[in-house]
Amino acid sequence: MENKFTEQELVRRQKAEDLKNQGIDPFGSRFDRTHNTASFKEEFKSFTKEELHDLEHPPLIKIAGRIMTKRIKGKAGFAHIQDQYGQIQLYVKIDNVGEVAYDLFEKADLGDIVGVSGRPMITNAGELSIKVENYLHLVKALRPLPDKFHGLVDVEERYRRRYVDMIMNEDSKNTLILRSKIIQAMRNYLNNLGYLEVETPILHSILGGANARPFVTHHNALDMPFYLRIAPELYLKRLIIGGLDCVYEIGRNFRNEGISIKHNPEFTMMELYLAYSDLEGMMDLTENLVNSVAMSTLGTTSIPYGDKTIHLEKGWRRAHMVDLIKEETGINFFDITDFEEAKRLANEYKLHVEPHLYGVGHIINLFFEAFCEAKIVQPTFVYGHPIEISPLTKKDPLNPRFTQRFELFIDSREFANAYTELNDPIDQLERFENQLKEKALGNVEATEMDTDFVESLEYGMPPTGGIGIGIDRLVMLLTNSVSIRDVLLFPHMKNRSK
RNA sequence: GACCCGCUAGCUCAGUAGGUAGAGCAUUUGACUUUUAAUCAAAGGGUCGGGCGUUCGAAUCGCCCGCGGGUCACCA
């Protein structure tokens with residue numbers, strides 16, 4: 001591999017050599033800071049220029065960061081350094097730091113990391129800054145940063161070199177930080193309610209818990225194939241059977257499907273189960289959880305999203321899927337029980353019916369997706385999913401064609417999926433058998449028979465409410481992000497041959 | 001997977017009808033002791049995503065490939 005350096009890279013490498021020759025490690029080590037840019041600004045924000053200037057014993061500030069701008073004016077100069085929290089201006093004067101250090105400062109490049117000690121000051125232009133007394137080179141950046149004014153704009157580069165994106169674009173960094181805070185807020189909320197966070201296997205030998213195409217891998221010692229999980233559901237339910245009353249897991253699911261503005265092959269879910277609860281319990285919990293997370297991270301429940309404002313305040317609409325279809329098309333699927341009639345309607349409305357679809361419920365789902373989903377803007381619990389598309393959900397006792405399931409939609413997008421969990425092992429066995437039939441008819445997303453799970457149900461699972469919430473999408477909503485890639489630290493990209 | 005759009009200096013972008021490749025930031029040299037997209041003067045830096053073709057001549061036209069973005073389909 002032959003490296004061809006650009007002119008700027010050669011200059012920087014030479015500067016690193018020069019530092020070494022002066023006895024300075026170009027990639028230095030520990031520097032103990034007294035402040036970061038945020039704590040420094042917080043501590044001195046109320047001082048006037050004169051007050052800082054007249055302090056009898058001005059405190060010594062030790063701070064470090066990456067040089068983002070530099071303005072040399074002869075024997076003095078200014079620079080902004082950046083850390084996690086923001087930027088602070090340095091005032092470096094040859095009289096204060098000495099000739100040797102000033103020379104280092106003059107030769108420093110944008111992107112280098114430095115540590116300084118100095119005193120707080122306010123410049124003539126009114127900016128709180130640090131009058132540097134001791135200037136220390138810490139790390140040489142061998143590559144130049146993007147344009148200090150325009151930043152890194154190229155979308156591909158922003159995802160491939162996320163670290164450069166984070167250095168140059170404060171919005172990107174803040175979004176990713178907010179992601180952590182949202183997940184933390186979720187944990188806090190659930191832990192305070194007594195939920196137990198658990199970790200279940202990611203390698204699954206049986207495909208289940210959702211309908212999706214899996215990634216397949218192989219375990220050498222056992223010489224057997226494994227799936228990367230598409231959902232943790234069946235393991236979490238086993239914990240409910242085992243006697244844990246309320247559990248949740250936050251973790252990665254893997255689905256071998258298309259990549260898009262709202263899909264990444266690995267995505268983060270929060271899945272939760274509460275014994276002795278049901279669908280209504282999950283609706284209440286979802287409203288409370290999302291409100292709590294929004295308040296603690298953003299301080300509001302009115303969320304700007306694109307050109308809309310999403311209102312998360314409690315009291316979300318709760319609508320039966322069949323009623324929504326009736327609103328949009330006038331068709332009342334409560335009255336339609338014959339598959340051929342449903343199929344005729346689908347054809348009439350130009351909906352394509354795949355060969356593995358065998359029930360009226362499948363057609364209902366097609367109608368919902370085609371005519372209702374895109375109309376939903378404000379948070380809406382859509383409940384009453386047909387039994388055909390809900391293999392793990394308890395039937396509606398009043399109308400067994402439908403199940404006690406809801407999906408939460410916000411701005412046409414699914415955010416959560418919840419059930420009154422199916423705890424009847426005999427029914428569950430039938431559902432698995434139906435899934436096998438679909439698989440035989442060509443549904444690549446049908447789940448597999450999990451006899452061990454059926455067995456576990458035979459020991460008795462308490463009535464249970466369960467829910468999965470898509471974390472990435474929630475983060476997108478709360479950070480006003482258009483693409484899921486904007487809320488993933490490192491979104492997947494195709495390899496680029498260089 | 002299908003369709004549309006993009007790829008030019010480290011970064012952000014121009015590039016007229018096909019005629020030897022441009023700017024700003026960054027870099028180098030010089031001036032400047034409160035600047036902040038610092039300023040002023042000068043200089044260097046490009047296999048125009050890759051390949052093939054058309055042409056006297058291709059960043060520009062055509063075809064193929066690569067990567068990315070968007071829309072659709074599948075899905076959370």
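Salt-bridge formation is detected for the pair A:Glu407/A:Arg405: a Lys NZ or Arg NE/NH1/NH2 atom is positioned less than 4.0 Å from an Asp or Glu carboxylate oxygen. Salt bridge A:Lys107/A:Asp103: present, at least one basic N to carboxylate O contact under 4.0 Å. Ion pairing between A:Arg213 and A:Glu445 fails under the 4.0 Å rule for side-chain N and carboxylate O. Between A:Glu17 and A:Arg13, no side-chain nitrogen of the basic residue sits less than 4.0 Å from a carboxylate oxygen of the acidic one, so the salt-bridge criterion is not met.
No donor-acceptor contact under 3.5 Å links the side chain of A:Thr69 to the base of B:U36. Scanning atom types as modelled, one donor and one acceptor separated by under 3.5 angstrom connect the side chain of A:Gln89 and the base of B:U35. If you check distances only, the side chain of A:Asp147 does reach the base of B:G24 with a donor-acceptor pair under 3.5 Å.
Going from the P atom of B:A58 to that of B:G1 covers 34 Å, rounded to whole Å. To the nearest whole angstrom, the two C1' atoms, one in B:A21 and one in B:C67, are 24 Å apart. Nucleotides B:C56 and B:A42, compared at atom C1', are 39 Å apart to the nearest Å.
In this structure, A:Lys494 reaches the sugar-phosphate backbone alone: every heavy-atom distance under 4.0 Å involves primed, P, OP1 or OP2 atoms, never a base. Counting non-hydrogen atoms under 4.0 angstrom, A:Gly77 reaches nothing in the nucleic acid. Across all strands, A:Glu127 comes closer than 4.0 Å to base atoms (heavy-atom distances). Using a 4.0 Å heavy-atom criterion, one finds that A:Phe415 contacts no nucleic acid atom at all. Residue A:Lys15 is in sugar-phosphate contact alone, with no base atom involved, counting any heavy-atom pair closer than 4.0 Å across all strands shown. Residue contacts shown for A:Arg158 are absent, as no nucleic acid heavy atom lies under 4.0 Å away.
Mapping A:Thr6 and A:Ala210 onto RNA chain B via the closest heavy atom, the residue that lands nearer the 5' end is A:Thr6. Mapping A:Ile259 and A:Glu7 onto RNA chain B by nearest heavy atom places A:Glu7 at the nucleotide closer to the 5' end.
A cation-pi arrangement is found for A:Lys70 relative to A:Phe105, the charged atom lying closer than 6.0 Å to the ring centre and inside a 45° cone about the ring normal.
Pair check for B:G46 finds none; no Watson-Crick or G-U wobble contact set falls under 3.5 Å.
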